[in-house]
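First up is the structure itself, then whatever we jot down about it.
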Amino acid sequence: MLPDQIIDYTHSRKGTFFEGSEVPVTHVDFTEPYTPALRERLLAAARSCGEAVVDGGVYACTQGPRLETAAEIERIARDGGDMVGMTGMPEAALAREAELAYATLAVVVNHAAGRGDSKHAIRLEELDGVMRATMTRAVSILATFFKATP
């Protein structure tokens, strides 16, 4: 998935380069947290190597390292979240502050708590195999992306 929006559910992470009494507060526009042109190039790379990728969606970034409760997943869904992960914030905001192009190629390894075929606990032992297969696809997309990058 190449999300085009993000919701930040994290806490206690340093979220800005602009803090401290000697540094003035600096606001950045975060309307589009991911760089559209970079997202388009990643999407083109996925298409070029024949990998199906969902274009757009809302990435919900949670604190981790624990997985979410079924109630938290329900709240995230009501908030408009399409997928959940534990990375991506504050990285997206920091990249914006540093004026760096930023995009996320997110991999899905399981249905969230209370979702999918099993409405019960997530079987963590199954995630490793899915992660390996999914990361192989992601590496293929990234390899194609970097070959096309001058």
Side-chain angles (χ1 to χ4, degrees), residues 1-18 26-70 72-119 122-150:
M1 179 177 180
L2 286 166
D4 57 359
Q5 286 294 316
I6 192 166
I7 299 174
D8 185 6
Y9 294 102
T10 65
H11 55 84
S12 307
R13 297 179 183 183
K14 296 286 185 189
T16 182
F17 292 122
F18 304 109
T26 302
H27 299 283
V28 295
D29 181 10
F30 206 50
T31 304
E32 292 185 83
Y34 303 109
T35 307
L38 186 57
R39 286 184 68 260
E40 285 301 320
R41 289 177 47 217
L42 282 167
L43 187 60
R47 289 179 180 144
S48 176
C49 64
E51 292 292 348
V53 174
V54 174
D55 180 15
V58 178
Y59 181 100
C61 187
T62 61
Q63 182 66 21
R66 69 163 176 82
L67 299 177
E68 302 74 27
T69 67
E72 288 168 329
I73 294 299
E74 287 299 318
R75 180 190 74 178
I76 289 167
R78 284 191 308 272
D79 287 351
D82 296 306
M83 69 180 315
V84 180
M86 297 173 198
T87 60
M89 283 301 290
E91 295 92 314
L94 293 172
R96 180 58 47 86
E97 285 185 354
E99 299 180 357
L100 297 172
Y102 186 83
T104 292
L105 173 62
V107 299
V108 177
V109 297
N110 69 293
H111 286 92
R115 302 289 173 120
D117 295 335
S118 173
K119 300 293 183 193
I122 294 170
R123 293 180 217 96
L124 296 175
E125 63 278 1
E126 295 175 3
L127 298 185
D128 283 340
V130 174
M131 178 66 88
R132 273 191 295 279
T134 306
M135 289 308 294
T136 299
R137 295 177 60 211
V139 167
S140 174
I141 293 168
L142 293 173
T144 301
F145 171 83
F146 285 114
K147 282 181 199 169
T149 301

Go through the steps for L94 and Y102 under the test side-chain contact (heavy atoms from CB on, under 4.5 Å), then give the verdict.
CA-CA 10 Å; L94 293 172; Y102 186 83; over 6 Å; no
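- Within the 4.5 Å cutoff, the side chain of T104 has no heavy atoms near those of the L2 side chain.
- With rounding to the nearest 0.5 angstrom, the CZ atom of F145 is 12.0 Å from the CG atom of L43.
- Across L42 and A103, no two heavy atoms sit closer than the pair CD1-CB, 3.8 Å.
- Rounded to the nearest 0.5 Å, atoms OG1 (T136) and CE (M131) are 11.0 Å apart.
- With sequence neighbours left out, T31 forms a side-chain hydrogen bond (donor to acceptor under 3.5 Å, both in side chains) with D29.
- With sequence neighbours left out, the side-chain contact (heavy atoms from CB on, under 4.5 Å) criterion links A98 to F17, L100.
- Judged as a salt bridge (charged side-chain N to carboxylate O under 4.0 Å, His left out), not a single pair has a partner in residues 87-111 (not counting sequence neighbours).
- In plain terms, the two heavy atoms of F30 and I6 that are nearest each other are CE2-CG2, 4.1 Å.
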Which side-chain N or O atoms in residues 75-86 pair as donor and acceptor under 3.5 Å with protein atoms at least two apart or in another chain?
from, atom 1, to, atom 2, distance (Å)
D79, OD2, Y9, OH, 2.5
D82, OD2, V58, N, 2.7

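- Put simply, CG on D4 and OG1 on T35 are 12.5 Å apart, with the number rounded to the nearest 0.5 Å.
- Scanning for side-chain contact (heavy atoms from CB on, under 4.5 Å) contacts around E32 gives P36, with sequence neighbours left out.
- In this structure, Y59 contributes its side chain and T87 its backbone to a donor-acceptor pair below 3.5 Å.
- Remark: K147 pairs with no residue by the salt bridge (Lys or Arg N to Asp or Glu O under 4.0 Å) rule, at least two apart or across chains.
- In this structure E72 satisfies the side-chain contact (heavy atoms from CB on, under 4.5 Å) test together with R66, E68, T69, sequence neighbours excluded.
- Residues in residues 51-61 take part in these salt bridge (charged side-chain N to carboxylate O under 4.0 Å, His left out) pairs, two or more places apart or across chains: R39-D55, E51-R137.
- Here the closest heavy-atom approach between residue A92 and residue P33 is recorded as CB-O, 4.4 Å.
- Applying the side-chain contact (heavy atoms from CB on, under 4.5 Å) rule to T144 yields the partners A45, S48, C49; only residues at least two apart in sequence or on another chain are considered.
- The structure places CD1 of I141 at 5.0 Å from CG of L105, a figure rounded to the nearest 0.5 Å.
- Partners of T149 under the side-chain hydrogen bond (donor to acceptor under 3.5 Å, both in side chains) rule, at least two apart in sequence or in another chain, are R41.
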